[in-house]
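These notes concern the structure reproduced below.
Convention: sequence-line order gives letters A, B, ...; per-chain numbering from 1. The model shown is predicted, which means the values in this text are computed figures rather than measured ones.
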Number of protein chains: 2
Amino acid sequence: MLARVSSTPAFKRLPRAVREQQMLDAAVKVFSRRGFHAASMDEIADDAGISKPMVYAYLGTKEELFVACLHREGTRMMQAIAGAAAPDLPADERLWRGLRAFFGFVGAHRDGWAVLYRQARGEQPFAGELAAMRARMVEVVAGMLDHALRAEGREVAEAELEVVAYALVGATESLADWLADHAEADPEKTATRMMNVAWVGAAQLLQGTTWRPPAA
Amino acid sequence: MLARVSSTPAFKRLPRAVREQQMLDAAVKVFSRRGFHAASMDEIADDAGISKPMVYAYLGTKEELFVACLHREGTRMMQAIAGAAAPDLPADERLWRGLRAFFGFVGAHRDGWAVLYRQARGEQPFAGELAAMRARMVEVVAGMLDHALRAEGREVAEAELEVVAYALVGATESLADWLADHAEADPEKTATRMMNVAWVGAAQLLQGTTWRPPAA
DNA sequence: GAGCATACCTACTCGTGCGTAGGGTTACGC
DNA sequence: GCGTAACCCTACGCACGAGTAGGTATGCTC
């Protein structure tokens, strides 16, 4: 029953704030490797170098823990992007910096990205949270496009704009996935490629050239 | 202990092939609603109007069952696309028909799409299967772009082409997700929008206009 | 240095859900 | 009409993992 003879405790006592971050680190790692359901609280606790009840005491149930991961990683990503893309720059410059920051983040936080996009998406309880974040990004991209077009005296229906923005965000996520899976890939180069597809392609399109389905 | 008084069996005896399809239908439905882990074999069996041991007898373990779902839905989708996009058509026509068939399929099989993309992606055991399918699509799209460009006398490095194709496939999946979530959305219209982004945008880009990162 | 909050543990309970044992009934060939 | 194979069931065993009970040690305040 006696836990440990009171001589030299093998573990260090650390302040709550520190342990919480360690736990989140471990949780993100394990969730991203195993997936939400397959991950066990025991493994997470173990990986954090702590016992399970501590995790429950600090971060709550498994679902709450996952949400906390989602929140931390999502906030970090958003901050990385927002910090890079100052709103007073011209649209193409903003887009470029935003993309570079984004791919940089994904390259440096592959685990976080996996949690965010590969896991959260499949599990109902969290899909909403994710969708909201994505909606914000679509809005930002649509805003950029709109701004750039107005500057050239053109105007496009909002719905149309949003769909294009949606497609661009999807393309970006897709390349991010690719990046996360290829350790040797260069974030900067990937960002350049995406910039090509997004800026040159979409701007061209919205400037006037339109494809229409054949009569048949 | 006696199962049922031998008078009128409440269930029909059906040949294996039929029951298997019913089970798969139920499995796709339940997996897409709950996710792989949260789905229970009991619920699937129940939904199929059959008892659990039958599912094990015909389709094997839960993992095997999921793979079977993946296989059926994936094959159906590929066939729908391949059947529409005959290889002797011009590239833009092929792309258009392929996209229309794809979005038509997603619109008609929202459950299947959810299983395929939202679930399979998160769970390690199936991610590979999915990645292979996606790789085939990327290859096809890259082939189309390449063909169209050669016809106009231009040539592009294969790696570059593949990344663009990857982005386009990602954009398409993204719109498919959007379509699956919006019951009121029109597949045909969505296909037209994607066609705009893909054909006009990408072709334009690959024809010469290129964006390059600023010196800073 | 007594009291109290905080950090931390081991060792459970208990539900849930996969997979199976063991057996019953209908159709079909011969 | 009789075996035998194909269908189909109810009712479990059993492992795994979420969450908790109950207790110990350490540092900080006064």
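Following rounding to the nearest Å, B:Glu64 (CD) and C:dC18 (P) show an atom-to-atom distance of 14 Å. With rounding to whole Å, A:Glu43 atom CD is found 14 Å from D:dC16 atom C1'. Look at CE on A:Met23: it is 10 Å from C1' on C:dC8, rounded to the nearest Å. Across the protein-nucleic acid pair, B:Tyr56 atom OH and D:dT10 atom P stand 16 Å apart, rounded to whole Å. One can place CD1 of A:Ile44 at 18 Å from P of D:dC16, the figure rounded to the nearest angstrom. When the P atom of D:dT10 is taken as reference, atom CG of B:Asp46 falls 10 Å away, rounded to whole Å. Atoms NZ (A:Lys52) and P (D:dG17) sit 10 Å apart, rounded to a whole Å. Here the C1' atom of nucleotide D:dG27 and the CG atom of A:Leu14 are 13 Å apart, to the nearest Å.
For B:Pro53, the side-chain atoms get nearest to C:dA21 when compared with the rest of D:dA21, D:dG19, C:dA21. If you check D:dT26, D:dC8, D:dA11 against the side chain of B:Ile50, the one that comes closest is D:dC8. Residue B:Ser51 places its side chain closer to D:dC9 than to any other of D:dG19, D:dA6, D:dC9. For B:Arg13, the side-chain atoms get nearest to D:dC8 when compared with the rest of C:dC9, D:dA18, D:dC8.
Remark: B:Tyr58 is in phosphate contact with D:dC7, judged by side-chain N or O atoms under 4.0 Å from OP1 or OP2. For D:dC8, one of the phosphate oxygens OP1 or OP2 lies less than 4.0 angstrom from a side-chain nitrogen or oxygen of B:Arg19.
For the 3.5 Å distance criterion, the side chains of B:Arg33 and A:Gln124 fail to qualify, holding no donor opposite an acceptor.
For B:Arg121 and A:Asp177, the salt-bridge test passes: some basic side-chain N is under 4.0 Å from an acidic carboxylate O.
Residues passing the ring-ring contact (aromatic ring centres under 6.0 Å, His included) test with A:Phe103, sequence neighbours excluded: none.
In this structure, B:Met195 and B:Asp92 approach most closely via the heavy-atom pair CE-O, 3.3 Å.
More than 12 heavy-atom neighbours from other residues, nucleotides or ligands sit within 6.0 angstrom of NE2 on A:His182. The number of heavy-atom neighbours closer than 6.0 Å to CD of B:Glu139, taken from other residues, nucleotides and ligands shown, is 12 or below. Applying the 6.0 Å contact sphere to NZ of A:Lys29 captures no more than 12 heavy atoms from other residues, nucleotides or ligands.
Within residues 30-42 of chain B, the residues approaching DNA chain C are B:Ala39, B:Ser40, B:Met41, B:Asp42, by heavy-atom distance under 4.0 Å.
With hydrogens and angles left out, the side chain of B:Lys62 and the base of C:dG19 share no donor-acceptor pair within 3.5 Å.
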